[in-house]
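A short write-up of the structure that comes next.
The residues of the chain are indexed from 1 along the displayed sequence. Computation of the quantities below employed the complete heavy-atom set of this structure, encompassing side-chain atoms and omitting hydrogens, waters and symmetry-equivalent molecules. Since the model is a prediction, treat every value here as computed from it, not as a measurement.
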Amino acid sequence: MSQAAPPNTPRPDGNPARPSFLRRFVVKAAVLAVGAGICGAVALALAVALAWPSLPDLHAMTDYRPRVPLRVYTADKVLIGEFGEEHRNVLRFDEIPEVMRHAVLAAEDDHFYQHGGVDWSGVVRAMLANVVRGAKSQGASTITMQVARNFYLSSEKTYSRKFYELLLTFKIESTLTKDQILELYMNQIYLGHRAYGFAAAARTYLGKELSQVTPAEAALLAGIPKAPSRYNPITNLPRAQIRQHYVLGRMRALGWLDEAGYQAAMAQPLAVRSGPESGGGNAFRVHGEYPAELVRQAMYNVFGDQTYSRGINVYTTIDSKDQEAAYKSVRAGVLDYTRRAAYPGPEDNIDLPDDIENDPQALDDLLDGLQEKYPDSDDLYAGVVLQASPTAIKVARGGHDIITVDDKKALSVVARALGPKAKDDVRIQRGSVVYVHKNGDAWEVINMPALQAALVSMVPEDGAIRAMIGGFDFNRGNFNRAVQAWRQPGSNIKPFIYSAALQRGLTPATQISDLPFALTAEQTGSKAWNPKNDGNAYEPMLTMRQALYKSKNMVSIRILQAITPAYGQDFLTRFGFDRARWPAVLPIALGAGSATPLQVVNAYSVWANGGYRVTPYLIDKVTDGDGKVLMQAQPQKAGDESLRAVDPRVAWIMDDMLKGVATYGTAARAHQVLKRSDVGGKTGTTNDSVDVWFSGYTPALATTVWMGFDQPRSLGSNEFGAGLTLSAWLQYMQTALKGVPEAKPRPQPQGLLVDNGEYYLSEFPPGQAVASLDLPTEDPLGDFLNRGGTGGMPMLNPPPPPPPPPASQPGAPSGAVPAPPSGVQSLPIPVPQAGDAIRERPLAVPAAAPAGNAPAGQPAAQQQQPFFPPIPVPRVDAGPGSSPVAMAIH
């Protein structure tokens with residue numbers, strides 16, 4: 001057998017054997033590879049040399065100053081509003097809880113502390129996946145790479161962008177520590193619904209501080225960065241939970257959760273906020289939307305667009321406890337009225353597919369669409385009716401959330417919509433869209449209220465606003481009725497007319513006719529006027545004190561007729577009421593002008609603080625992001641005589657009389673419930689119960705509540721200030737006055753006389769003060785003010801005109817923040833004026849009557865003013881449940 005010749009064995013012709021083809025290929029390939037490698041290295045070095053100098057400076061990271069929104073806080077530092085394109089809470093590394101850091105690392109980059117910025121195994125894995133799929137669909141971004149992209153680069157998936165990202169990643173890793181990089185990432189990453197950073201996301205989605213999150217909640221938040229639009233719990237909770245479970249599994253595998261902690265986290269129910277909020281609402285535990293919006297307007301007037309990015313913090317005078325109590329009392333009052341009113345029918349009716357309740361996903365999709373048109377309102381939840389009968393209503397809130405309403409009392413509210421004879425537009429049936437509400441332990445179907453309300457509460461001593469509610473639900477229209485709604489106060493105005501009478505010589509003991517009063521068309525210059533008492537109940541005579549307790553209309557009219565409407569108009573301006581909105585005509589004795597709830601509560605504060613009109617203010621302090629004080633209010637204080645609105649003796653007498661109203665009169669329930677002797681107040685109900693009010697106070701707190709419809713119409717013949725608004729006021733004050741000691745009576749001022757248990761000004765002593773007015777029997781004192789005679793008594797000098805109201809800042813509307821120290825700006829409470837763009841139509845107010853022509857020789861101050869009745873005439877406050885009035889003078 002022949003053997004193969006060795007490779008180098010000479011051939012027969014004497015030449016050496018040639019190398020094999022394989023060897024030649026390997027040698028050439030090696031040479032090419034080395035050449036390519038050298039060229040690649042040179043190209044890479046050249047690219048790095050060219051690109052590195054163009055990389056951005058890391059100043060934005062080392063001196064991190066993100067766009068921080070405007071934040072609004074209560075006086076006790078509870079956040080009630082946040083305004084800006086980016087919602088952030090920047091935390092230091094040591095302020096971020098460890099469980100949150102672990103959850104983020106488990107979800108995004110568990111080798112973060114081991115690699116140098118690039119996880120090469122992840123890069124290879126992503127490259128292979130992209131080659132297989134034929135597209136750049138998967139990345140291998142580490143946390144450092146995401147920080148680089150978030151600060152400086154776009155998110156497009158191109159190789160050039162990826163190259164710059166790698167270079168910048170190395171630069172970041174060489175400049176910052178790992179802890180610094182992780183801190184930047186957790187403060188900067190976008191997490192949906194305008195929340196940047198995990199601290200903002202915790203408040204947006206969970207309504208709590210990041211320091212309070214549990215492992216389950218941390219895993220939920222850590223799952224969002226992968227795809228904020230798909231994995232955030234508001235948009236899609238089931239998908240977010242799938243991602244949460246993955247993160248919890250990784251935390252267990254990495255040793256950051258033991259088995260017991262993992263099981264507990266998997267089982268924990270998630271309390272996720274019901275919807276995205278962008279400046280208040282459900283993102284905050286205190287419902288301070290209305291005052292927060294006023295602050296936003298004021299800040300924008302000063303800082304412009306920088307308001308939303310420079311990290312301004314505003315500390316208001318709002319008390320978080322009082323504000324939440326105000327919110328609850330207003331909503332409870334409105335819902336109580338809504339239950340009593342006739343049920344108007346469902347919000348809508350839709351075609352509901354058969355058996356859709358057996359397909360939870362389809363039902364969820366349908367309800368998601370309905371939520372956009374019929375959003376929830378706090379604890380009022382929109383749903384669709386699956387079944388309805390007189391004994392039970394089944395309402396779907398979700399595919400797995402079916403509510404059964406079967407409480408007899410709750411069903412009675414909507415009984416007219418469940419019977420066989422129900423009208424089509426009222427009937428509740430399958431497919432009806434309704435709102436459900438948990439009332440105590442039972443569910444009820446209730447319509448979205450049409451009634452609106454406002455509550456303003458302030459400190460009488462310095463004007464600090466403690467609570468402000470401007471409507472039933474801020475998110476259904478931010479028209480702030482507390483400062484924007486001009487409504488008729490009704491009998492709420494009577495104490496101010498009575499105080500003018502005290503200044504003119506009447507006393508609480510003056511006897512005044514309560515018989516019917518009428519003016520002919522010739523007397524009014526227009527139409528005949530025939531005002532009435534409530535229930536057409538009249539008495540021959542009442543003292544002024546008794547008339548205020550009973551809120552008698554005829555007495556109030558005669559008082560104003562005696563002192564003249566012009567004097568009454570002037571006197572009202574002492575308390576902050578606008579002259580133009582209170583024409584000098586007799587119906588203003590019954591409240592037929594217009595005022596905002598803020599004006600009314602400010603006026604009642606005069607009785608609470610001894611006769612001073614202080615300016616209400618909302619903003620106490622404004623700071624920048626570093627805590628530097630930019631603005632500081634210096635509130636006015638009762639006791640400053642330049643702020644005096646009324647004689648201290650008149651203030652003392654009116655305070656005494658209003659305490660009597662709250663003890664024996666139409667507001668007697670105030671004393672019965674609060675069991676305090678330092679409470680004064682007055683009810684107010686306009687004609688046909690279009691507006692109902694209650695204003696009451698203690699020396700520590702004055703509060704006004706108003707309720708009515710935005711487009712004025714009657715609330716019903718059985719609604720009075722003594723019922724609806726007094727109930728809301730009491731619910732609020734029971735909370736607000738908790739722990740506030742009962743005030744001692746103010747000392748009786750000098751120049752005040754007492755005779756037979758009643759009070760007199762020293763210049764109008766018993767025997768010289770007006771003893772009676774317009775009594776049915778002949779009485780020479782009855783018309784002494786109008787005729788200028790006293791029937792044998794010495795002629796009284798006409799009183800001087802009222803002093804001008806306290807000076808305020810030039811151009812500042814009522815409600816301005818008092819002037820701060822030199823160099824510090826003060827801010828008015830922004831009140832939109834006529835013509836400003838607001839969602840609701842401004843409410844109509846009566847026009848002032850033009851001045852009439854006076855007879856020759858008659859002083860201008862006593863000119864007869866023509867009267868134009870179609871100004872609605874309020875009626876007396878009394879109604880079901882009113883307490884008996886004590887007739888004895890005390």
Side-chain angles (χ1 to χ4, degrees), residues 68-84 87-91 95 195 197 199-213 271 273-274 276-299 307 311-331 378-379 455-459 462 464-470 473-475 478 480 482 616-625 627 629 631-633 635 700-701 703 732-733 735-740 817 827 829:
V68 180
L70 166 70
R71 293 196 176 97
V72 184
Y73 296 89
T74 63
D76 48 340
K77 296 182 174 54
V78 175
L79 185 67
I80 57 172
E82 186 175 77
F83 303 91
H87 292 182
R88 297 182 188 272
N89 279 80
V90 180
L91 301 179
E95 293 175 322
R203 195 174 65 247
T204 297
Y205 297 119
L206 304 172
K208 60 169 60 176
E209 299 300 319
L210 190 63
S211 60
Q212 300 172 329
V213 298
R273 294 293 178 180
S274 61
E277 303 296 339
S278 58
N282 291 338
F284 309 103
R285 67 180 179 87
V286 173
H287 292 83
E289 300 92 338
Y290 287 101
E293 172 60 17
L294 284 181
V295 168
R296 184 198 67 79
Q297 295 174 28
M299 291 297 100
T307 301
I312 296 170
N313 297 309
V314 181
Y315 297 90
T316 68
T317 59
I318 296 293
D319 180 273
S320 63
K321 173 181 65 68
D322 291 358
Q323 180 67 25
E324 194 62 13
Y327 174 81
K328 291 178 179 178
S329 66
V330 164
R331 284 186 67 97
D378 195 2
D379 54 356
L455 183 151
V456 190
S457 187
M458 63 176 278
V459 177
D462 64 1
I465 295 175
R466 287 290 183 242
M468 177 185 289
I469 301 295
D473 185 348
F474 178 87
N475 296 307
N478 59 10
N480 189 342
Y617 74 108
L618 177 63
I619 298 172
D620 178 58
K621 181 174 66 175
V622 180
T623 68
D624 63 13
V629 176
M631 301 176 188
Q632 177 71 60
L701 200 63
T703 304
Y732 166 74
M733 293 293 275
T735 299
L737 294 177
K738 191 172 294 183
V740 178
V817 174
L827 299 169
I829 296 175

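Inter-residue side-chain proximity for D378 and D473 is flagged as unmet; no heavy-atom pair is nearer than 4.5 Å. V314 places a side-chain heavy atom less than 4.5 Å from the side chain of M299. At least one side-chain heavy atom of L79 sits less than 4.5 Å from a side-chain heavy atom of R203. Residues D319 and T74 fail the side-chain proximity criterion, which asks for heavy atoms closer than 4.5 Å. Looking only at side-chain heavy atoms (C-beta outward), R296 and L70 come within less than 4.5 Å of each other. With contacts defined as side-chain heavy-atom distances shorter than 4.5 Å, the pair L701/M458 does not qualify. Contact check for D462 versus Y617: side-chain heavy atoms found under the 4.5 Å cut-off. By the 4.5 Å heavy-atom criterion applied to side chains, L206 and V213 are counted as neighbours.
The side-chain hydrogen bond (donor to acceptor under 3.5 Å, both in side chains) search around S457 returns T703, Y732, not counting sequence neighbours. Listed by chain and residue number, R92 satisfy the salt bridge (Lys or Arg N to Asp or Glu O under 4.0 Å) test with E95 (two or more places apart in sequence, or in another chain). S211 meets the side-chain contact (heavy atoms from CB on, under 4.5 Å) test with E209; sequence neighbours excluded. Taking T623 as the reference, nothing meets the side-chain hydrogen bond (donor to acceptor under 3.5 Å, both in side chains) condition, with sequence neighbours excluded. For D379, the salt bridge (Lys or Arg N to Asp or Glu O under 4.0 Å) partners are R331, not counting sequence neighbours. Annotation: side-chain hydrogen bond (donor to acceptor under 3.5 Å, both in side chains) contacts of N313 (sequence neighbours excluded): none.
Listed for the T317 side chain is a donor-acceptor partner under 3.5 Å among the backbone atoms of I465. Between the side chain of E82 and the backbone N or O of V72 there is no donor-acceptor pair closer than 3.5 Å. The backbone N or O of S320 sits less than 3.5 Å from a side-chain atom of D76, completing a donor-acceptor pair.
Of all non-hydrogen atoms in G81 and A292, the two that sit nearest each other are CA-CB, 4.1 Å.
A distance of 11.5 Å separates OH in Y315 from CD in Q632, rounded to the nearest 0.5 Å. Between the CE atom in M733 and the CG atom in D322 there is a gap of 9.0 Å [rounded to 0.5 Å]. Separating the OG1 atom in T316 from the CD1 atom in I619 is a distance of 8.5 Å, to the nearest 0.5 Å. The CZ atom of R466 sits 14.5 Å away from atom CG of L455, with the distance rounded to the nearest 0.5 Å. Y327 OH to Y290 OH: the interatomic distance, rounded to the nearest 0.5 Å, is 9.5 Å.
H287 and Q323 form no side-chain donor-acceptor contact under 3.5 Å, judged by distance and modelled atom types alone.
Other residues, nucleotides and ligands contribute over 12 non-hydrogen atoms within 6.0 Å of the NZ atom of K321.
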